[in-house]
Every structure is written in structure tokens, then in C-alpha cells.
Protein chains: 2
Amino acid sequence: MFAHVKAIECLLRTNTRLPVNVKCMFEGEEEIGSPHLQSFVTANRTLLHADVAVMSDMPIAGPGQPAITYALRGSLGLELEVSGPRRDLHSGLFGGAVHNPPQALCEIITSLHDRQGRIAIKNVYDNVVPLTSDERSYLSRVSPSDSSFLRDAQAERAWGERGYSVSERTTIRPALTINGISGGYQGVGGKGIIPARAAAKLSFRLVPNQDPYQVERLFRDHIARVTPNTVRAEVRAISWAKPALMEVRHPAIRAAAEAYKAGFGSSPVYLRCGGTIPVVNMFLESMRLPTVLMGFALPNDQMHGPNERFSLVNFYNGIRTSASFLKMVGFSSVVNSPDAASR
Amino acid sequence: MFAHVKAIECLLRTNTRLPVNVKCMFEGEEEIGSPHLQSFVTANRTLLHADVAVMSDMPIAGPGQPAITYALRGSLGLELEVSGPRRDLHSGLFGGAVHNPPQALCEIITSLHDRQGRIAIKNVYDNVVPLTSDERSYLSRVSPSDSSFLRDAQAERAWGERGYSVSERTTIRPALTINGISGGYQGVGGKGIIPARAAAKLSFRLVPNQDPYQVERLFRDHIARVTPNTVRAEVRAISWAKPALMEVRHPAIRAAAEAYKAGFGSSPVYLRCGGTIPVVNMFLESMRLPTVLMGFALPNDQMHGPNERFSLVNFYNGIRTSASFLKMVGFSSVVNSPDAASR
């Protein structure tokens with residue numbers, strides 16, 4: 001974001017006007033699933049009208065290796081609450097004869113994956129579009145290796161769906177993650193209770209052509225099927241974002257590739273990203289507006305984690321890339337390109 | 001406790017001295033597993049020397065039906081922590097390829113019980129002493145019914161080990177309860193992270209002759225066996241208390257039965273209680289000192305829960321019972337009884 005602002009400032013200082021018209025849209029709700037964005041986009045099509053959108057909220061392949069992202073995973077945010085007795089019970093007097101809600105929650109969560117690391121919810125993979133072997137082999141050449149992935153994750157071992165590399169598991173395959181879990185006593189020492197309730201935050205990452213609303217229904221069906229009658233389970237869906245897929249031969253993306261050469265000194269690779277940016281699919285579906293996903297961050301910038309950071313080298317390269325892009329995209333005949341509307 | 005203090009006060013107001021010598025011991029750490037009690041008891045045998053101990057920290061059978069408790073479950077308090085990546089990770093960029101610690105914790109917790117409600121830890125039932133059919137049938141006559149148990153628990157359905165009534169599951173059989181669970185994001189809405197760690201508080205209730213230190217070893221062995229190499233699990237034991245079993249024909253217990261008749265107007269039944277009071281076994285093992293467990297509380301007094309309460313009727317009946325007991329126990333030849341040392 002700041003790289004683009006800085007690029008505009010540089011261009012305005014060295015030219016009297018920008019090479020193309022620029023509209024800036026700031027969204028402050030992306031991290032909570034953009035709950036008000038769809039209605040804003042629908043209500044402001046004219047204001048937002050553009051030939052191409054640009055966004056830089058994703059990593060590149062590594063230091064010195066820029067990347068253009070052409071696919072994003074969607075997401076579905078959920079809360080799952082399991083309740084049992086109406087109040088916390090004495091675990092001595094009642095322990096062994098009342099189903100413990102944290103235990104029941106654990107049993108339900110365990111049922112969500114099989115032992116091969118696959119999501120064990122019926123029909124959940126039905127709409128996943130398989131990649132061509134050409135695309136899969138291109139991606140395996142340009143994507144981070146398993147070992148560099150694990151180094152960035154500061155994790156010792158990989159886990160997940162058999163038959164896919166770690167990079168594939170995080171980009172071309174759906175994932176279901178427990179983002180948080182809580183229930184009962186959590187302080188120092190112990191407390192002799194059967195907690196009345198326990199809850200978890202879960203989120204799916206979805207790939208083309210999975211639909212978050214359909215996955216929500218499948219999840220609800222699964223929970224209803226596996227919940228024993230000794231507890232009650234409640235599912236609350238809290239956010240929905242569709243996956244997005246861009247046409248890599250779009251002229252604006254070709255302009256971005258040239259801009260990266262100018263800004264980073266090397267051609268970008270084309271990546272799928274495991275993250276989610278709800279607006280990208282909304283622009284596509286509501287306005288047929290494609291987005292160029294020009295990443296500047298490094299894979300180990302600890303996004304969403306403590307000590308999130310951004311390399312200064314990439315910041316300066318990003319400014320140069322953005323300025324070059326603004327100059328080149330005006331010549332790329334975006335407006336009249338037959339590829340302008342993405343799939 | 002207050003019933004006994006009040007009984008002593010009444011006796012002193014109507015007599016010049018108490019019928020027996022009374023020593024009061026106050027312990028403030030019972031709810032955290034009495035970590036300093038054993039060393040105190042060992043160091044103060046002379047100070048604590050007595051013919052019989054009295055304690056009233058347990059329920060009776062119901063309103064108007066007093067009870068003497070002759071067995072208590074022991075306990076073992078544990079913490080189980082599962083850690084994965086060194087820090088919270090972005091669930092979009094890493095989700096699907098890193099074992100999620102809350103999920104792994106759930107999978108480990110699920111492995112602790114089988115589908116029949118039994119604890120699925122190898123050898124954990126080995127030392128459980130089976131009851132005679134006489135004792136089992138006596139207890140089934142005097143113990144709360146399944147339906148009254150569920151009413152007291154404010155739970156809709158029973159759960160637990162097949163082949164045992166709910167009352168048996170909470171008194172003569174061991175139980176393993178998750179007292180609390182936590183990890184990752186727990187606030188409003190969602191957060192796209194793979195949490196670096198998740199943890200649970202667990203506690204066993206143990207029956208004669210299970211040993212908490214041996215059960216701790218079995219638990220550690222189980223966790224080591226089921227933990228996948230994609231995460232690390234750490235077990236911390238935080239409290240240990242042995243189960244206790246009293247001789248119901250002990251003269252002091254006979255005196256308590258007579259005292260209940262005077263205080264409540266009816267004879268007590270003899271119950272096993274699912275709760276744990278570490279000092280009872282310590283007095284037995286360290287000093288051969290038996291404890292009369294004279295309960296005054298009702299099963300639905302919400303012990304350890306919110307709005308814990310104590311019925312005034314039982315408070316007054318308790319004062320009368322305690323005063324009668326102090327008068328009668330002096331005549332019960334406790335000191336020279338061959339049953340004085342309990343099993």
C-alpha cells in the first residue's frame with residue numbers, strides 16, 4: 001500500500017500528472033471477513049468503475065524473486081460451541097457420568113479430519129477444480145520447497161493431505177484450521193469442574209470452485225451427524241469469502257511482469273496464494289473487474305503473527321515496481337483487451 | 001465446619017467442659033490438591049495425635065436422609081500442552097500443511113476415552129478393586145437414582161462407562177475429566193491463525209486401590225504413544241491424592257450414626273463419594289487415624305459451581321448432629337476398639 005502511495009508521489013514530483021487515472025479504495029474490515037464490503041461495492045459501481053485493480057497484500061516467492069499471484073483461497077469463518085450441563089459441575093461428584101463439553105468438542109473436532117490429513121466432511125472436495133498437470137508442474141518449479149516452507153513456518157515437520165506438497169496443500173487444496181479453542185478453567189493450577197461449555201473458532205480456506213455458503217451447509221450437516229445426544233452443538237458462521245482466480249495472460253498482468261523486471265531486476269513467477277482477500281472475488285463477480293496481485297512481502301514476514309515485518313529493500317523495490325507499472329499499464333491496452341474480463 | 005464450631009459453642013454454654021478433647025485443624029489448600037499437607041502431617045504427628053478425625057465436606061443422600069461417607073475418590077491433576085510452530089502462523093499461508101496444535105490436542109484428548117465411555121489408557125483399571133455384589137446392591141438401594149442424579153446435575157442425559165449406573169460411575173469407578181482447554185484466539189469474531197500452542201487441564205478421579213503416581217506414569221506413556229511427530233506434547237502433573245476407604249463398623253462411625261438419628265431424626269445410609277479430600281488418606285497412611293465423614297450438604301448444593309449454597313435446615317440439623325456425636329463418641333470406646341485402625 002505505502003509502496004504504491006510513494007510511487008504516486010514520486011511520479012507526481014517528476015511529472016505534472018500521472019500516466020493513468022488512479023482511484024484509491026481503503027478497506028478496514030478485511031481481517032474480519034469484509035462484512036460490509038459487498039453492499040458497498042454493489043452500491044458504488046460507478047464510483048469504483050476501473051479497468052484494473054491493484055493490490056499488494058501477499059508475499060512474493062523470496063528475496064530477489066518477485067511474484068504475481070493469480071489465485072487466492074476463499075474462506076469461511078465459523079464458531080462451534082458445545083454445551084452440556086446448565087452450569088459448571090463438581091468433577092468429583094459428577095465426573096464419569098456427564099459428558100464433558102470440552103471432551104465432546106475435542107471428539108467432534110477430531111472427526112473433521114481423517115488420518116491422512118484430509119478434511120473428513122462429506123462432499124467437501126466435490127467442487128474442487130483439479131489443476132492440469134502442466135500448471136501443477138509449473139507451480140512445483142516456482143513455489144517454495146518443502147524445506148524452505150518449513151523454515152519460514154519455523155515448524156519442524158509438515159502435516160496434511162497425502163499426495164500433495166506442502167506448497168500445494170496451502171494453495172491448491174482446501175484447509176480447515178482451528179484458530180482458537182476455549183472452555184472451563186484456564187488459570188494457574190487446576191479446578192475440579194466439568195465445564196458447562198466449550199467453544200472453538202474454525203476457518204476453512206477454500207479453492208476454486210468451492211462456495212463458502214455450500215461448505216457452511218456441509219459443515220452444519222457434519223456437526224449434526226457427529227454430535228452425540230449427550231451434549232448440544234451450535235454452529236455460527238461469521239464470515240464468507242469466495243476464492244478468486246485471475247487470467248495470467250491479462251494485459252495488466254503482463255504490464256506488472258515488465259514492471260517487476262524494472263523494479264526488482266528479474267521477471268516474476270506466477271503463484272497461487274493460500275490467503276484470502278474477499279474484495280478480489282467481489283470485484284470480479286460484481287464488476288467484472290480483475291485485480292493484479294503484486295506482492296512485495298517476503299514469505300517469512302510473519303504475517304498475522306507477532307513481530308510482523310516488512311523488508312526495506314522490498315519496500316524500495318516495490319516503489320520502483322509500482323511506478324513502472326503505472327507507466328506501463330497505460331500502454332497495455334487493458335480497456336480493449338479481449339482478456340479483460342477474467343474467468 | 002461451622003456446624004461443628006457452633007456445636008462446640010452450644011456444648012460449652014450448657015456444660016462446663018466438652019465431653020471429649022477436640023483439636024481443630026484448618027487446611028486452606030484442599031482445592032489445589034493440598035501440596036504442603038503431607039509434610040505438615042509428617043512433621044506434626046504428636047500435635048495431631050487423635051483417636052478419630054471428623055470432617056463434613058461432602059453431601060448426604062438428600063433432604064431428610066443423612067449419610068455417612070465411607071469412601072472417597074482420589075485424584076490426579078494434570079496439564080497437557082501441545083505445541084507446534086514456534087509462533088502463531090497465518091492460516092491462509094500455512095493452513096493445511098502444518099499440524100494445528102489445538103486440533104492435535106483434540107485428537108490426543110479424544111484418544112483418552114473409548115466409545116463405551118471407558119478411559120482408554122492401557123492398564124489404568126488394573127488396580128481397581130471390584131465391589132462385592134452385596135456392597136454394590138446396598139449402594140444401588142441407597143444411592144440417588146439416575147434421574148435424581150441428572151436433576152441435580154441439571155444435565156439432560158447421562159454419559160459414561162457402560163455396565164454401571166450413573167451413581168456408580170461417579171463413586172466406584174475412575175473418571176477422567178477435561179477441566180479446561182485453551183489455545184489461540186478466543187475473542188469476538190475470528191482470527192486467521194494457526195496457534196503455536198494449545199493446552200488442557202485434566203483430572204482423574206481414582207478409586208481404591210489406584211495410585212495417582214502410577215496413573216501419572218500410565219498417562220505419560222499414553223500421551224507419548226499417541227502424540228504424532230508433527231507436534232510436541234508436554235505433561236505436567238500438578239496434584240496427587242490417594243483414594244480413601246473407611247471401616248464402616250468402626251465405633252466412631254457407629255457413634256456418628258446415632259448422632260444423625262438425634263440430629264436429623266433418621267438413621268444415615270452409608271455412601272461412597274466421588275469427591276476427593278487428600279487429608280483423609282494421609283491421616284490413614286501416616287497416622288493410622290480414621291476419619292468420620294459426616295456430610296450435611298445436599299447433592300444439589302452446586303459445590304464448585306456458581307451460586308454454591310448450604311441449606312439452613314441442614315445447618316441446624318448439622319449442629320445437633322455434631323453436638324450429639326461429641327457426646328456419644330466418648331462412650332464408644334474408640335481408643336481400644338480392634339477396628340480403630342482402618343484398612
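FYI, side chains are in, hydrogens and waters are out, and symmetry mates aren't considered; it's all heavy atoms of this structure. Just so we're on the same page: letters track the sequence lines, and every chain starts at 1. What you see is a predicted model; the values in this text were computed from it and never measured.
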Any idea which of B:G84, B:G96, B:A155, B:A199 has the most non-hydrogen atom pairs under 4.5 angstrom with chain A?
-> B:G96

Counting heavy-atom pairs under 4.5 angstrom with chain B, the leader among A:A97, A:P59, A:G77 is A:A97

Search all heavy atoms of B:F149 against all heavy atoms of A:L93 and return the closest pair with its distance.
-> CE1-O, 3.7 Å

Between A:S91 and the options B:T170, B:N179, B:L176, B:T276, the side-chain contact (heavy atoms from CB on, under 4.5 Å) test singles out B:N179

So which of B:M58, B:H113, B:E79 has the largest heavy-atom pair count under 4.5 angstrom toward chain A?
-> B:H113

Heavy-atom distance under 4.5 Å to chain A: side chain of B:E107, backbone, both or neither?
-> both

Beyond-backbone contact of A:C106 with B:I178, side-chain heavy atoms, under 4.5 angstrom = no

Between chain A and each of B:V98, B:V166, B:D146, B:I108, count heavy-atom pairs under 4.5 Å; write down the option with the most.
-> B:V98

Of B:A198, B:P102, B:P101, B:A200, the largest count of non-hydrogen pairs under 4.5 angstrom with chain A goes to B:P102

Highest number of heavy-atom pairs under 4.5 Å with chain B: which of A:G180, A:G184, A:P228, A:S203?
-> A:G180

Comparing B:C273, B:A104, B:P85, B:G160 against chain A, the one with the most heavy-atom pairs below 4.5 Å turns out to be B:P85

Mark yes when over 12 heavy atoms from residues, nucleotides or ligands other than A:R309 sit less than 6.0 Å from its CZ; otherwise mark no.
-> yes

Taken to the nearest 0.5 Å, the spacing of A:R232 CZ from B:R157 CZ works out to 10.0 Å

If you tally heavy-atom pairs under 4.5 Å between each of A:L202, A:T171, A:I109 and chain B, the highest tally belongs to A:I109

Give me the contact list for residues 186-197 of chain A versus chain B, heavy atoms only, anything under 4.5 Å, ordered by residue number.
-> A:Q186, A:G187, A:V188, A:G189, A:G190, A:K191, A:G192, A:I193, A:I194, A:P195

When rounded to the nearest 0.5 angstrom, what distance separates CG in A:L150 from CZ in B:F94?
-> 9.5 Å

Does atom CG of B:N307 have more than 12 heavy-atom neighbours, drawn from other residues, nucleotides or ligands, at distances under 6.0 Å?
-> no

Donor-acceptor pair between B:T110 and A:T110 side chains, under 3.5 angstrom = yes

Greater than 12 external heavy atoms within 6.0 Å of B:R115's CZ = no

Honestly, the part of A:Y164 sitting under 4.5 Å from a heavy atom of chain B is neither

Closest contact, heavy atoms only, A:G95 versus B:R73 = O-NH2, 3.0 Å

Winner by heavy-atom pair count (cut-off under 4.5 Å) against chain B, out of A:P174, A:G274, A:S111, A:G117 | A:G274

NE2 of B:H90 to CZ of A:R205, rounded to nearest 0.5 Å, is 5.5 Å

Residue, of A:T230, A:L78, A:N229, A:L105, that accumulates the most heavy atom pairs under 4.5 Å with chain B = A:N229

Contact leader toward chain A among B:I119, B:D152, B:V231, where contacts are heavy-atom pairs under 4.5 Å = B:D152

Where the side chain of B:N100 meets the backbone of A:T177, is there a donor-acceptor pair that is under 3.5 Å apart?
-> no

Test side-chain contact (heavy atoms from CB on, under 4.5 Å) on B:R87 and A:Q154 and set out the steps.
-> CA-CA 8 Å; B:R87 55 183 163 85; A:Q154 295 186 284; 2.7 Å; yes

Given a strict heavy-atom distance threshold of 4.5 Å, which part of B:Q302 is in contact with chain A: side chain, backbone, both, or neither?
-> both

Between CD1 of A:I181 and CD of B:Q103, what distance do you get to the nearest 0.5 Å?
-> 10.5 Å

Looking only at A:R86, A:K201, A:R169, the option with the highest number of non-hydrogen pairs under 4.5 Å against chain B is A:K201

Under 4.5 Å heavy-atom distance to chain A, tell me which part of B:S239 shows up: side chain, backbone, both or neither.
-> neither

Please state whether the side chain, the backbone, both or neither of A:R173 comes within less than 4.5 Å of a heavy atom of chain B.
-> neither

Give, as side chain, backbone, both or neither, the part of A:P299 having an atom under 4.5 angstrom from any heavy atom of chain B.
-> backbone

Which bit of A:R236 is near chain B, if near means a heavy-atom gap under 4.5 Å: side chain, backbone, both or neither?
-> neither

Kindly write out the residues that satisfy side-chain hydrogen bond (donor to acceptor under 3.5 Å, both in side chains) with A:S34, not counting sequence neighbours, or none if the list is empty.
-> A:E27

